[in-house]
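Heads up: the structure comes next, in structure tokens.
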Protein chains: 2
Amino acid sequence: MTTEEKIFEAAFKVFQKKGFTGARMQEIADEAEINKAMLHYFFRSKERLFEAVFMNAFGKLAPQINGIFNSDEALFEKIKKFTDSYISFVMEYPFLPQFIIQEMNNNPEFVTKFLKDEKRPDPTKILKQIESEIELGLIKPIPPKQLLLDVFSMTVFPFAAQTLVKGIINISDEEFFQLMEERKIHISEQIINAIKK
Amino acid sequence: MTTEEKIFEAAFKVFQKKGFTGARMQEIADEAEINKAMLHYFFRSKERLFEAVFMNAFGKLAPQINGIFNSDEALFEKIKKFTDSYISFVMEYPFLPQFIIQEMNNNPEFVTKFLKDEKRPDPTKILKQIESEIELGLIKPIPPKQLLLDVFSMTVFPFAAQTLVKGIINISDEEFFQLMEERKIHISEQIINAIKK
DNA sequence: TTTAGGTTTAACCATTTGGTTAACAAAAAT
DNA sequence: ATTTTTGTTAACCAAATGGTTAAACCTAAA
């Protein structure tokens, strides 16, 4: 592994855990087991290093979402695939959603930046699809944006609010993972039950 | 308004916007229009000031949740009341959910601390109620914790991930508020549709 | 009117933090 | 073989940051 890769991995880890303002360059250097000056040699500044990490994190999630939402399958099929594959993926990076949401909130100017990215999630197609399936009488009439929000909320929230959720319903890490595993099918079942005619 | 109150309000504002690590004592002092030394005079340290703010924020939400979840009404009634009153309340403090979730994630030791608080949300009763309504055949069989997570996710997520949501579905602040207004009844309708027999 | 109490301020301090520099080593190019 | 480029390190720096202090300033009771 090259030094640059070591730095990137370490930065990914530290930023994810502490956030941008909470992370320390020295801590990243220690984690990567290299001299702090190397961080600046390869990435110039904390901001740039963070941006590299953030965009990479975002880039991991977005294409997957788009791939499913912009395919040509039926709505029910898309919802099933999305919940299943999103949860599977995120279980490998359980802190990614909260990291992205947090830094997005603390840094709203990022939104503008990433909205220009071609990899950004674009809900246009699936929103139209929902409308048309309603007109065709395949599902109950429902505001398309609400339905989309429902799917996202139910899938992403438990990870984004992980610590709180574990604390309130009082479960261990393993139980949390089991719950998420169960949730892969639970979510699509719930949603489909709610909107099917 | 006393100086202490001015400080508290300013701290509430700044911490909520920047998080613990991102907030600066000087910025809080400026916001409160007082001398920085006063912060330490009244609150001793950044940690203590933050804790006061955080616990107050949490204390605003928790009793409300408990009040509804631990009442003696039917499940459907509770769900309706919860989504409606939670969203109404949070629309007045739109950054409270993300603040609590974020600091909880960055500071997992807080969990231990607030779990000892008598005001903490306790889902025991409503979880039992769900079980019993299933046994009585009033609703479809469903893992109680999943149902609880569903309600929370759909209600809290849009606020917690506000910036991201606005960016992705491309809506203004006003449209967001309209969407949340609509959501007050949408959520309970969806959930009840999904679980009613 | 004095005085004792809390309140407020400006100046100061030690530490932390992101970032730089200059010397040095290793590899690549000539 | 020598020069040039790239990678690496330790020491250093200025600015920012949380926190302190000692004196000044009220103000209400004695």
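The sequence lines fix the lettering, A, B, ..., with proteins before strands; numbering per chain opens at 1.
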If you assign B:Thr3 and A:Phe20 each to the DNA chain C nucleotide with the nearest heavy atom, which residue ends up on the more 5' nucleotide?
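Of the two residues, B:Thr3 wins.
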Ignoring hydrogens and geometry beyond distance, is the side chain of B:Lys46 in donor-acceptor contact with the base of D:dG19 at under 3.5 Å?
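Counting by modelled atom types and ignoring angles, no donor-acceptor contact under 3.5 Å is found here.
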Interatomic distance where [atom1] belongs to [X] and [atom2] belongs to [N] [whole Å]:
| X | N | atom1 | atom2 | answer |
| --- | --- | --- | --- | --- |
| B:Ile7 | C:dT8 | CD1 | C1' | 11 Å |
| B:Leu39 | C:dT7 | CG | P | 15 Å |
| A:Glu5 | D:dG7 | CD | P | 13 Å |
| A:Ile34 | D:dA10 | CD1 | P | 11 Å |
| B:Arg24 | C:dT16 | CZ | P | 15 Å |
| A:Asn35 | C:dT20 | CG | P | 14 Å |
| A:Leu49 | C:dT17 | CG | P | 16 Å |
| A:Asp30 | C:dT17 | CG | P | 12 Å |

Using a cut-off of 4.0 Å on non-hydrogen atoms, how would the nucleic acid contact of B:Met25 be classed: base, sugar-phosphate, or nothing?
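Counting heavy atoms under 4.0 Å across all strands, the contact made by B:Met25 is with sugar-phosphate only.
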Reckon B:Ala23 touches a base, only the sugar-phosphate, or nothing at all at heavy-atom distances under 4.0 Å?
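Sugar-phosphate: the residue B:Ala23, judged by heavy atoms under 4.0 Å, touches backbone atoms but no base.
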Could you verify whether a donor N or O on one side chain and an acceptor N or O on the other, from A:Thr21 and B:Lys18, lie under 3.5 Å apart?
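Short answer, no.
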Between B:Ile79 and B:Leu127, is there shared hydrophobic-cluster membership here, with clusters defined by ILVMFWY side-chain heavy atoms closer than 4.5 Å?
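Yes; tracing contacts between hydrophobic side chains, which count when under 4.5 Å, links both residues.
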Looking at [options], which one has an atom nearest to any side-chain atom of [X]?
| X | options | result |
| --- | --- | --- |
| B:His40 | D:dT9, C:dT8, D:dG18 | D:dG18 |
| B:Phe42 | D:dT9, C:dT7, D:dG19 | C:dT7 |
| A:Lys36 | C:dG19, D:dG7, C:dG6 | C:dG19 |

Would you find a donor on one side and an acceptor on the other, under 3.5 Å apart, between the side chain of B:Asp84 and the backbone of B:Ile185?
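No; judged by distance alone, with no hydrogens or angles, the pair does not exist.
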Below 3.5 Å is the cut-off: list the nitrogen or oxygen pairs between protein and nucleotides 21-24 of chain C, distance only.
none

A cation-pi test, strictly: NZ or CZ of A:Lys60 under 6.0 Å from the centre of the six-membered ring of A:Phe12 and no more than 45 degrees from its axis. Yes or no?
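Yes, A:Lys60 lies over the aromatic ring of A:Phe12.
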Could you walk me through whether A:Phe82 and A:Phe152 pass ring-ring contact (aromatic ring centres under 6.0 Å, His included), step by step?
CA-CA 9 Å; A:Phe82 172 74; A:Phe152 267 100; 5.3 Å; yes
Between B:Glu9 and B:Lys6 (salt bridge meaning N to carboxylate O under 4.0 Å), is one present in this structure?
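Not counted as a salt bridge, because no side-chain N and carboxylate O are separated by less than 4.0 Å.
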Donor-acceptor pairs under 3.5 angstrom involving side-chain atoms of residues 102-112 of chain A: please list them, not counting sequence neighbours.
{"unit_1": "A:Glu103", "atom_1": "OE2", "unit_2": "A:Phe20", "atom_2": "N", "d": "3.1"}
{"unit_1": "A:Asn105", "atom_1": "OD1", "unit_2": "B:Gln98", "atom_2": "NE2", "d": "3.4"}
{"unit_1": "A:Asn105", "atom_1": "OD1", "unit_2": "B:Thr163", "atom_2": "OG1", "d": "2.5"}
{"unit_1": "A:Asn105", "atom_1": "ND2", "unit_2": "A:Ile101", "atom_2": "O", "d": "3.3"}
{"unit_1": "A:Asn105", "atom_1": "ND2", "unit_2": "B:Ala160", "atom_2": "O", "d": "3.1"}
{"unit_1": "A:Thr112", "atom_1": "OG1", "unit_2": "A:Glu109", "atom_2": "O", "d": "3.3"}

